[in-house]
Structure formats: structure tokens, C-alpha cells
Protein chains: 2
Amino acid sequence: MKRDEAGDTRPATAETSGTGTLGKVLSVLETVVTAEAPLRFSDILALSGQPRGTLHRQLSHLVEEGLLIQRRDLCYEPGFRLLKFAYRAWSKNQFRAIAGPHLQRLHEETGETVHLGVLRDTEIIYVDKVESRQTVRMESQIGNASPVYCTGLGKAALSVLPPERLETTIGRLAFHRFTANTHLSAISLKRDLDDVRLRGYAFDREEHETDIRCVAAPIHDAGFDFVAGISVTGPAYRVTMEQLEAWAGVVRRAAIAIIEDVQIRLGPGH
Amino acid sequence: MKRDEAGDTRPATAETSGTGTLGKVLSVLETVVTAEAPLRFSDILALSGQPRGTLHRQLSHLVEEGLLIQRRDLCYEPGFRLLKFAYRAWSKNQFRAIAGPHLQRLHEETGETVHLGVLRDTEIIYVDKVESRQTVRMESQIGNASPVYCTGLGKAALSVLPPERLETTIGRLAFHRFTANTHLSAISLKRDLDDVRLRGYAFDREEHETDIRCVAAPIHDAGFDFVAGISVTGPAYRVTMEQLEAWAGVVRRAAIAIIEDVQIRLGPGH
DNA sequence: AGAGCTTGTTCCAAATAATGGAACAACATG
DNA sequence: CATGTTGTTCCATTATTTGGAACAAGCTCT
């Protein structure tokens with residue numbers, strides 16, 4: 001089996017790759033879906049590092065299943081079946097439904113945008129949002145994924161991970177400078193996380209986007225299998241660090257309220 | 001290989017199932033995702049008809065890949081990674097972006113809700129929506145899938161399919177009565193489609209939901225590989241059949257405008 | 001509590017599908 | 001028209017999936 005040379009720091013100890021064929025195909029799908037522009041066969045070939053024949057079959061299968069579309073100019077695009085899957089995933093999600101009223105309340109208390117995000121691998125996936133101007137639609141970031149190391153939600157989530165899982169997660173991070181304040185090393189990030197753990201809430205000091213600050217608190221189930229977060233975000237000119245400090249309490253209380261609500265409504269262990 | 005007894009009217013001529021392992025796994029994923037309530041292992045076992053060992057591994061892989069989540073009570077739920085895929089699929093979609101202004105204009109002309117939907121297998125997947133009250137969020141149906149045979153968009157899309165593909169599509173339909181007006185047979189549906197083809201637009205005469213009517217027109221690329229539709233929908237008390245007739249022209253013109261716009265912006269063949 | 005039932009998990013030889021190199025075809029490009 | 005690039009097909013080899021059966025963990029009912 002071929003191994004990616006770049007960024008693969010995993011121990012070489014008999015990693016069966018876990019999910020077999022599915023994992024490989026999803027990796028191809030993710031490549032196409034997360035690409036900035038539609039990709040041609042050769043582009044994907046270069047990015048995936050798979051042999052031509054193999055990749056060709058994988059793409060054919062993905063197209064046949066509706067997860068990708070092949071346009072007439074041979075470019076591959078995400079397929080509409082992905083929307084169907086997500087619609088169900090979102091509209092029936094109980095966690096989101098339970099958290100909803102708490103987001104709303106937090107928005108009313110602060111007047112700024114409130115986010116609900118879930119930790120998945122090394123990213124935070126935005127699951128819900130309440131914001132002032134009701135121009136919100138699906139662009140609203142729902143489904144958008146941001147790195148854990150430069151977002152309030154991400155750091156809040158990391159702060160409650162069991163040590164071992166935290167290590168493996170941080171080990172997989174590929175640090176990338178988004179702003180002057182972005183953490184660029186595991187050491188720097190871990191120092192920040194120590195503070196977060198003590199306080200119970202995390203800040204984003206313009207680490208992902210300039211002029212955007214946020215304060216976030218972690219949400220988790222009993223076994224820390226499920227880790228998420230809630231945050232209040234605003235523009236730096238309006239939201240000072242003092243303001244964020246002042247909101248930290250309500251954010252944290254909202255997070256705790258959600259944890260309790262989930263336990264009551266979905267039974268112990270959640 | 002086992003075959004579903006119910007609703008499987010496909011010819012038994014050497015169907016290699018096409019997408020191999022991926023198809024089987026996605027079929028399991030779809031079962032879980034489209035279920036009304038979270039399913040336990042045995043529920044899925046019964047629905048999928050796969051052997052225990054096989055299904056167990058498939059589910060493990062899906063969970064490991066983040067497409068499913070297994071809760072503490074052993075129920076399976078759609079995973080949040082699905083949201084990430086869809087976010088990209090939606091936000092980068094060029095067809096949607098091109099059609100957007102036309103939907104907006106159609107909404108301004110009619111004052112009622114406008115939908116954009118894409119044909120995928122035997123379903124219409126809603127891709128965009130413009131409606132009066134700006135309470136729209138992701139609940140807005142984006143990603144929702146409805147059967148082709150009882151929606152205006154579905155019938156509009158079917159009406160432009162090449163005869164052969166129309167036959168296979170209709171052959172796969174499992175008719176289900178949603179209202180008193182729902183088509184329940186291929187014959188009845190085909191008769192309707194003949195009318196649609198003559199007029200160039202389709203009606204939904206409360207065939208999917210009581211008190212909901214709609215008029216829709218087809219959109220397609222040069223080779224009919226990509227088939228979609230645009231529609232105006234409203235409550236029966238406000239939107240009479242005469243009103244729909246009156247709007248048919250603008251709807252059809254909007255559809256044609258989108259077809260032209262796509263050809264210009266994405267090049268010939270689209 | 002214990003017997004009997006259901007439900008979830010693990011194991012492994014056999015069957016099957018994925019792999020990947022190489023040859024082929026279709027397009028561009030100079 | 002020659003040449004490089006890009007997309008597609010083929011097939012023996014290899015690895016993964018398959019699925020039966022045995023095992024373990026929960027329930028339920030007397």
C-alpha cells in the first residue's frame with residue numbers, strides 16, 4: 001500500500017487504514033468536494049496519489065451513486081445526493097433541536113451571532129446559528145467546517161478531550177496561518193488550552209479572521225465521545241475582549257444547560 | 001445475492017449492481033438517514049437484508065468515517081460529516097448560483113414561493129427556494145427529496161427525459177397515495193406527462209399535499225444528462241388553477257432563461 | 001434468581017471485488 | 001502532422017468483503 005509522504009506522521013505500526021474501501025473512496029470524494037474549483041481527472045489523480053485505473057473506477061462509482069457529477073467538460077462536481085443526506089441529518093437531529101432554544105436565548109442576551117458546532121476529527125462543523133439580521137439562509141455556514149486550533153469552538157471542544165485523544169488530534173493538525181494571531185504550533189495551542197480548561201471557556205482573539213472575536217464554551221456527553229460547543233461571535237470594533245469576558249459566564253451557563261437538557265431528554269450517557 | 005422482494009420489478013438480466021462495495025454501503029447509509037426515527041442494529045438488519053456480520057462491519061466503517069454516529073443506546077444517527085459535504089456541494093454549486101436571480105425575479109412576479117429542484121433517480125431534490133416570509137433557514141427544504149410522480153417539478157423533469165430513460169425511471173417508481181389526487185399507476189402518470197409535454201409546463205393539483213398547488217417548468221442541458229425544474233407553489237385557497245395557468249408562461253420563460261444562462265456561463269453542453 | 005429469548009459482537013475460510021500496471025484511445029498543442 | 005497530454009479500458013494479482021456460525025451481553029417472564 002502506498003503512503004502519503006507529506007504530513008503523514010502516524011506511527012507505521014500496522015495501520016490497516018480502518019475503513020477499507022470506503023475510506024479510500026470517501027477520501028477521493030472529500031478531495032473533490034473541498035476543492036476550490038471543479039477538478040479534472042488529472043487534478044484528482046495528482047491530489048489523491050492513487051493509480052489511474054483505481055481512481056477512475058472510484059470516480060465512476062461516485063458518479064453513478066450521485067455523490068459526484070461529471071460535467072460535459074469532464075470536470076467533477078459534488079452531486080446533489082449529498083444535499084439529500086444532509087437534509088435528513090440536519091432536520092432530524094435531536095441534539096440541534098434541543099440546543100436551539102438555548103442558542104436563541106443566548107442571542108437575546110448578547111445581541112450577537114451565536115453558533116453551535118460539533119467536533120469531528122480535527123475540525124469544528126457548524127450545526128446551527130442564530131444571528132441578528134435575518135438574511136440567514138443555508139449560506140449561514142451550517143455545514144461549514146473550520147480548523148479546531150484557530151476557533152473558539154474548536155479550542156473549547158479540545159479543552160475537554162481526554163488527554164490521549166487530545167494528543168492524537170493535535171498530532172494530526174496541519175497548522176496554517178490565517179491571521180497574525182493564529183496558533184502555529186502544538187506548544188502554543190496547548191498553552192492556550194490549559195487556560196481554557198481553568199476558565200471553562202475559550203476565546204478567539206482574531207485567530208481565524210481578522211476583526212472577528214468570539215467566546216465559546218464546551219458541550220460534551222458523559223463519555224466525551226460526543227464533543228461540541230456554543231459560542232458568541234462579533235466584530236472586533238463592537239466586541240472588545242472585556243465584553244467577551246463579561247459574556248463568558250452566560251455562554252458557559254448556556255453550554256451547561258444544554259448538557260443537562262440533553263441528559264434529561266435523551267437519557268443518561270448522552 | 002439477495003434481492004428485495006417488494007417493489008423490485010427490474011429485469012433480472014445480469015445486473016452486476018454497478019458500484020460494488022460502495023453501492024451496498026450507501027444503501028445502508030440511506031436506510032439509516034431516511035428513517036423516521038433512529039434505528040438499532042436489528043432494525044437495520046431487517047431493512048437491509050444483509051447478513052449480520054457484513055452489516056456490522058459496514059456500520060462500523062460508516063461510524064468510523066463520521067457518516068453515522070452510534071449513540072450510547074446503540075441507535076444509529078446520521079453523522080455530522082454529511083453536513084460538511086453538503087455545505088460544499090451547495091455553496092459552490094454553479095447551477096444554483098446562476099439560477100438564483102431568476103428565482104428571485106419569478107418570486108417578485110408571482111408573490112408566491114419559488115423552488116428549484118434537480119432530478120436524481122426517482123426523486124426531485126430541492127436545491128433552492130425563495131419565499132415571502134424571510135423565516136427561511138435550512139429547514140427551507142433545501143436537500144429535501146420528493147417523489148417525481150406527485151410533484152410539479154418531478155413531472156416537469158420527467159416530461160423532457162429521453163423515452164428510454166423515462167421508461168426505466170417510471171419502472172423503478174413505487175407509487176404511494178399521498179392525497180386523493182396522487183397518481184397511482186404508470187398509465188395515469190404517463191397520460192399526465194403527455195399533456196405536460198404539449199404545454200411545456202406541469203401542474204401539481206394537490207397531488208403531494210392537500211391544499212398545495214404548483215406550476216413547474218423543466219430545465220435541462222443539451223444532452224438531457226442534467227434535468228431540473230423551477231416552480232411556483234402556493235396554498236389552494238389563494239392559488240386557483242386559473243391563477244396557475246396565468247403564471248405558466250412566466251415560469252416557463254424563467255426556465256428557458258436559466259437554460260440559456262447556463263449555456264452562456266458554463267459553455268455549450270451544459 | 002434462573003431459563004429462555006432477543007440482540008449485539010467477533011471470528012475466519014471462501015468468494016468477490018478492488019488493485020494497479022500497461023496498453024489503448026481521444027484530445028490538444030506546437 | 002507529429003508529439004505530448006489526458007482520459008479510458010483491460011486483466012491477472014491481491015486484498016477486502018462476505019456470511020455462516022459461535023460467542024457474549026441484555027431483556028423478559030415465570
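Every chain is numbered from 1, with letters handed out A, B, ... down the list of sequences.
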B/Leu45 CG to C/dT10 C1': how many Å, rounded? 15 Å
Establish, yes or no, whether a centroid distance under 6.0 Å links the rings of B/Tyr126 and A/Tyr87. no
Answer yes or no: is there a donor N or O on one side and an acceptor on the other, between the side chain of B/Tyr149 and the main chain of B/His176, under 3.5 Å? yes
Does C/dT19 have OP1 or OP2 sitting under 4.0 Å from an N or O in the side chain of A/Gln58? yes
Report the distance from atom CG of B/Leu26 to atom P of D/dT17, rounded to the nearest whole Å. 14 Å
Apply side chain to side chain donor-acceptor pair (under 3.5 Å) to the pair B/Thr19 and A/Glu65, showing each step before the final yes or no. CA-CA 7 Å; B/Thr19 53; A/Glu65 285 295 337; 2.6 Å; yes
Can you measure B/Lys24 atom NZ to D/dT16 atom P for me and round it to whole angstrom units? 15 Å
Options D/dG19, D/dT18, C/dT19, nucleotide nearest the side-chain atoms of B/Arg57: D/dT18
May I have the step-by-step check of side-chain contact (heavy atoms from CB on, under 4.5 Å) for A/Leu116 and A/His102, ending in yes or no? CA-CA 10 Å; A/Leu116 180 70; A/His102 297 279; over 6 Å; no
May I have the distance from B/Leu22 (atom CG) to D/dT16 (atom P), rounded to whole angstrom? 17 Å
Sugar-phosphate, base or nothing in reach of A/Thr21, heavy atoms under 4.0 Å: sugar-phosphate
On the 0 to 90° scale, with breaks at 30° and 60°, tag the B/Phe178-B/His208 ring pair as parallel, tilted or perpendicular. perpendicular
Please report, rounded to the nearest Å, how far the C1' atom of C/dT16 is from the CD atom of B/Gln50. 14 Å
Taking B/Arg197 for the side chain and B/Ser159 for the main chain, is one N or O donor matched with an acceptor at less than 3.5 Å? yes
Any protein N or O atoms within reach of nucleotides 4-8 of chain D? Criterion: under 3.5 Å, listing atom names and distances.
from  : atom 1 : to      : atom 2 : distance (Å)
D/dG7 : OP1    : A/Arg40 : NE     : 3.4
D/dG7 : OP2    : A/Ser42 : N      : 2.8
D/dG7 : OP2    : A/Ser42 : OG     : 2.3
D/dG7 : N7     : A/Arg52 : NH2    : 2.5
D/dG7 : O6     : A/Arg52 : NH2    : 3.4
D/dT8 : OP2    : A/His56 : NE2    : 3.1
D/dT8 : O5'    : A/His56 : NE2    : 3.3

Would you kindly give the CG-to-P distance between B/Leu47 and C/dT7, to the nearest whole Å? 13 Å
